[in-house]
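All values derive from a computational prediction rather than experimental measurement. The sequence lines fix the lettering, A, B, ..., with proteins before strands; numbering per chain opens at 1.
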Number of protein chains: 2
Amino acid sequence: MLGRMSTKDPRAAGLARLASLAADETRAACLLALLDGRAWTAGELARHCRVAASTLSEHLGKLVAGGLLAEERQGRHRYVRLADARAAQLVEDLAALVAPDAAARPRTLRQSGAGSAMARGRTCYDHLAGRLGIAVTDALTARGLLRQDTGFALTDAGLRWFPAAGIALDRQGRRPLARACLDWTERRPHLAGVAGAALCRHALGAGWCVRIGSERAVKVTETGERALSELLGIEAAALR
Amino acid sequence: MLGRMSTKDPRAAGLARLASLAADETRAACLLALLDGRAWTAGELARHCRVAASTLSEHLGKLVAGGLLAEERQGRHRYVRLADARAAQLVEDLAALVAPDAAARPRTLRQSGAGSAMARGRTCYDHLAGRLGIAVTDALTARGLLRQDTGFALTDAGLRWFPAAGIALDRQGRRPLARACLDWTERRPHLAGVAGAALCRHALGAGWCVRIGSERAVKVTETGERALSELLGIEAAALR
DNA sequence: CGGACGTTTCGGTGAGCGCCGAAGTGTGCG
DNA sequence: CGCACACTTCGGCGCTCACCGAAACGTCCG
């Protein structure tokens with residue numbers, strides 16, 4: 001239906017082509033996996049999706065051609081990651097809109113175990129999500145560093161807090177400093193954008209939290225509990 | 001590929017099913033048309049998309065079942081509209097991400113004429129877009145009523161300005177007061193959310209602008225030019 | 001009541017596409 | 001140099017789905 005001569009609206013054709021990239025279950029699984037913000041090899045994704053390497057290779061070709069993924073070749077490996085923040089935002093939007101259905105069924109024990117780890121804390125592209133992400137966002141709001149009542153933006157106090165906490169904010173580029181990202185386990189917005197990414201990077205770098213397994217789930221360390229308590233008054237109990 | 005037993009990730013299956021709704025050119029054209037925020041009949045959409053009524057009926061069935069559209073039956077008519085603000089946001093996101101390609105080609109004279117009217121001013125779901133939307137957003141920002149440098153939110157002054165200008169803001173519900181929506185002609189964010197919708201509703205109600213034809217395009221009236229100039233210091237020249 | 005009209009259902013058709021395995025290409029390592 | 005490994009290309013299979021026209025169903029109106 002896309003191959004016919006475009007006697008139709010070119011904008012509709014473009015939108016359909018873009019959406020069709022995510023309209024396949026295997027490609028959707030790739031996009032969700034890549035929401036951890038890291039680069040995966042083609043082989044890793046093929047095993048993750050349980051399809052032949054040849055099949056996945058074709059999928060990656062389409063996703064890259066469509067602009068959703070960026071690729072980097074290293075030797076005999078092909079690394080892919082989400083192309084940019086806009087591509088990530090699209091996947092986040094789609095995932096958030098799907099959640100109502102998917103939230104209704106924690107499958108096997110193993111999956112529900114992994115699910116609850118994901119619900120406690122995870123990364124979402126390049127920022128924190130899950131109860132951890134919500135706790136941080138709420139703490140920032142309660143301390144007057146982030147405003148949610150009139151939109152979603154840092155306050156002047158918040159603008160000073162980040163550098164003071166040793167977290168640099170890169171104000172170059174068009175990416176917004178703060179952006180709301182709808183959390184698909186908590187069903188409430190958490191902090192994304194430049195500030196969210198900087199905070200997540202710092203949290204992983206300073207050992208506040210560590211990744212669990214190869215998934216997106218993260219676990220708050222004791223160091224992290226102390227730091228979050230001191231800096232933002234987050235009680236460890238809120239993270240469990 | 002979707003009909004097989006779901007031995008795969010259920011979240012990926014849900015995302016793929018959602019995306020597949022927009023992955024068809026005809027359905028995409030419907031979603032874009034419905035971005036005007038109004039309800040269309042099945043027949044109107046069929047003519048707009050240039051397909052048989054029977055074909056379009058099937059498309060509407062899928063879009064409604066998928067939760068993107070809401071329908072209302074009136075006599076022998078079937079009215080459909082975008083289901084809610086989240087569905088509209090998804091379509092807006094997709095459209096914005098597509099723009100880079102589509103912006104490159106204003107087709108025939110007639111289309112480019114309609115295109116420039118759309119570029120001057122239009123509605124985007126339920127708020128203002130195009131040069132008009134950008135002008136309003138910029139004016140609000142310049143007057144300290146809206147903050148974009150730290151995210152996207154009304155200021156306290158902005159919170160007072162709306163009621164003072166006779167525009168009520170409904171603060172019930174989960175919809176954010178202010179939200180950035182990427183404009184696909186201007187490539188910059190304009191005001192969406194509760195405040196954007198209220199402003200647009202007021203602008204149409206008070207005769208600041210009127211719709212042109214059956215499309216989304218709107219035209220600023222002389223009354224509107226005066227009001228925008230007095231209230232926000234927007235010069236008429238900026239709207240042409 | 002009967003015709004006009006908007007919408008829906010149904011059968012049939014053709015095109016697109018996801019999947020695989022086998023064979024081919026290129027890289028790295030012993 | 002040659003094997004192992006990661007990835008890609010290709011041919012073929014089977015399923016899905018958008019499309020149409022014809023016919024059925026409702027509603028409105030004269």
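Ranking C:dT8, D:dT8, D:dC20 by closeness to the A:S57 side chain, first place goes to D:dT8.
Atom CG in A:L63 sits about 15 Å away from atom P in D:dC7, given to the nearest Å. Atom pair B:H77:NE2 and D:dC29:C1' shows a separation of 13 Å (rounding to whole Å applied). Atom CZ in A:R47 sits about 10 Å away from atom C1' in D:dA6, given to the nearest Å. Atom CG in A:L45 sits about 13 Å away from atom P in C:dC19, given to the nearest Å. Look at CZ on A:R73: it is 9 Å from P on D:dC7, rounded to the nearest Å. Atom CG of A:L60 is separated from atom C1' of D:dT9 by 15 Å (rounded to the nearest Å). Atom NE2 in A:H59 sits roughly 14 Å away from atom C1' in C:dG16 (whole-Å rounding). Counting to the nearest Å, the P atom of C:dC17 and the CG atom of A:L21 are 11 Å from each other.
For the pair B:R47/B:E44, a side-chain contact is recorded, criterion being any heavy-atom separation below 4.5 Å from C-beta on.
Under 4.0 angstrom from either OP1 or OP2 of C:dG6 there lies no side-chain N or O belonging to B:R78. OP1 or OP2 of D:dC17 has not a single side-chain nitrogen or oxygen of B:K62 nearer than 4.0 Å. Listed pair B:S54 / D:dC19 fails the phosphate criterion, with no side-chain N or O lying under 4.0 Å from OP1 or OP2. Between B:R27 and the phosphate of D:dA18, there is a side-chain N or O to OP1/OP2 separation shorter than 4.0 Å. Here A:T55 does not reach the OP1 or OP2 of C:dC19: none of its side-chain N or O atoms lies under 4.0 Å away.
Below 30°, between 30° and 60°, or above 60°: for A:H190 and A:H127 the angle between ring planes is between 30° and 60°, a tilted geometry.
Residue B:A53 is in base contact, counting any heavy-atom pair closer than 4.0 Å across all strands shown. A:A52 comes within contact range of the sugar-phosphate backbone alone, with a heavy-atom separation under 4.0 Å but no base atom that close.
Side-chain atoms of A:R76 and base atoms of D:dC5 include a donor and an acceptor less than 3.5 Å apart.
Checked against ring pair (Phe, Tyr, Trp, His ring centres under 6.0 Å), A:H48 has the following partners two or more places apart in sequence or in another chain: A:W40.
Each of A:Y79 and A:E58 has a nearest nucleotide on DNA chain D; the 5'-most of these lies closest to A:Y79.
Using modelled atom types, one finds a donor on one side chain and an acceptor on the other under 3.5 Å when comparing A:R211 with A:T123.
A salt bridge between A:R11 and A:D9 is absent, with no side-chain N of the basic residue lying under 4.0 Å from a carboxylate O of the acidic one.
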